Amino acid sequence: MSLPDRIDPRPPRRIYRWDLDKTYLQTDFDSLRDLLRTAFQKAHEKVAVPGASALIRELSEQGDSRLCIVSGSPKQMRAVLEEKLKLDGVKWDEFVLKDNVGNLLRGRFRALRGQVGYKLPAILESRVHAPVEAEEVLFGDDAEADAFIYSLFADLIAGRVDERVLSQVLEAGGVYPDDAERVRAAWKKIPVSDPVRRIFIHLDRLTPPAQFSAYGPRVVPIFNYFQAALVLLADGHLTAPQVLKIAVEMVQTAGHNIITLSNSFQDLLRRGLPLQQAAIALSQALEGPNKLLAAMRPMPDILSAFSKRLAALGTPPPPPPVQAVDYVKLIHHALPRNHKARTKPAQ
């Protein structure tokens, strides 16, 4: 009996899609000086958002997931960004960067800052090759249009957005005709399903979470990645010990403490996230023997105190009902501040 030439990896059960700037990396690009400093940073000088790399590593532990990165950073930064991810122990399966030099040479000036015409076709084309049953969780930030793009992506492949609404959104967003065609072509190849479970928006600019309520409970604004880990524990993507490992790293490397972690948990409960079972799981994980925590004193003492705070939390209110998203209305809020919605077809 002959052996196969290769053993293909098993199809992913879960797909995690990440942005980089302000989602994974602490990046400043609000001024020309910031842009230049970011462009010339070496890999070891770039700083990840606290807890982001730990979260990615824990999510990959099951071995049946894919990490897909779509970033607005230019292609010329690929080498330094890849080196930074390797330094952080992050392994990726897809890594897409923006061709800003090509856009500039072709006179596509709207595309330099525009995200709808860049990220939407990129993630739709990636989804074409995914198993129909693969679930998705997406991570973005409040500096761009990530909540809008990710939600539109989810509702397109779930059949909740029709071609008329899509055309209006692409037109209002100033999407170039070839990018709009890529969106439609990829969308039509994807079997109708509802795979997007969560969309996390890192509040780099401290946008009030209520401003994302129009997208429904699937979108969860977060102030830190401990909050994302808690929701993913409740959703079954992480175990309680994995969440504790993320908390330990944030305490040891990023200045978090019992107060900030407890406040983060209570903030989610106030917003109606059903996390009481997650609190119970964390408390139980802290009660038993744990070599990881025992080796990291005084972390076990801090986390033990944290568990007592968790036990005092009340029952959260029920989550709000799922609602239809008005993308034609929201596109005007999702565009860059200096971008005016178009009233005629993009040229």
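Since we're looking at a predicted model, the values are computed, not measured.
A donor-acceptor contact closer than 3.5 angstrom links the side chains of Arg17 and Ser126. Side-chain atoms of Tyr118 and Asp99 form no donor-acceptor pair, as typed in the model, at a separation below 3.5 Å. Under the 3.5 Å distance criterion, with hydrogens and angles disregarded, no donor-acceptor pair is assigned to the side chains of Gln266 and Arg270.
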Contacts table for residues 85-93: side-chain donor-acceptor under 3.5 angstrom, sequence neighbours left out:
residue	atom	partner	partner atom	Å
Asp88	OD1	Lys84	NZ	3.1
Asp88	OD2	Tyr24	OH	2.6
Asp88	OD2	Lys84	NZ	3.3
Asp93	OD2	Leu67	N	2.9

Going by atom type alone, with no hydrogens or angles, which donor-acceptor pairs under 3.5 Å involve a side-chain atom of residues 223-232 and a protein atom two or more places apart or on another chain?
residue	atom	partner	partner atom	Å
Asn224	OD1	Phe226	N	3.1
Asn224	OD1	Gln227	N	3.1
Asn224	ND2	Ser264	OG	2.7
Tyr225	OH	Thr23	O	2.5
Gln227	OE1	Phe223	N	2.7
Gln227	NE2	Ser264	O	2.9
Gln227	NE2	Asp267	OD2	2.9

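Under the 4.0 Å criterion applied to side-chain N and carboxylate O atoms, Asp155 and Arg160 are assigned as salt-bridge partners. A salt bridge between Glu125 and Arg182 is present, with a side-chain N of the basic residue lying under 4.0 Å from a carboxylate O of the acidic one. Taking 4.0 Å as the cut-off between side-chain N and carboxylate O, Arg198 and Glu135 do not count as a salt-bridged pair. Ion pair Asp19/Lys119 flagged as a salt bridge, since at least one NZ, NE, NH1 or NH2 atom sits closer than 4.0 Å to an Asp/Glu carboxylate oxygen. Between Glu163 and Arg184, at least one side-chain nitrogen of the basic residue sits less than 4.0 Å from a carboxylate oxygen of the acidic one, meeting the salt-bridge criterion.
Counting only heavy atoms from C-beta outward, the side chains of Tyr16 and Glu136 never approach each other to under 4.5 Å. Counting heavy atoms from C-beta on, the side chains of Met250 and Ile246 come closer than 4.5 Å. Here the side chains of Val219 and Ser151 are in contact, with some heavy-atom distance below 4.5 Å. Proximity of Leu261 to Val251: side-chain heavy atoms (C-beta onward) are separated by under 4.5 Å at one or more points. Residues Gln211 and Pro221 are not in side-chain contact: their nearest non-hydrogen atoms beyond the backbone lie 4.5 Å or more apart.
Minimum heavy-atom separation, Val169 to Phe148: CG1-CZ, 3.7 Å.
Tyr150 and Val128 fall within a single hydrophobic cluster, where Ile, Leu, Val, Met, Phe, Trp and Tyr are joined by side-chain heavy atoms under 4.5 Å apart, directly or via other members.
No side-chain donor-acceptor contact under 3.5 Å links Asp64 to the backbone of Arg13.
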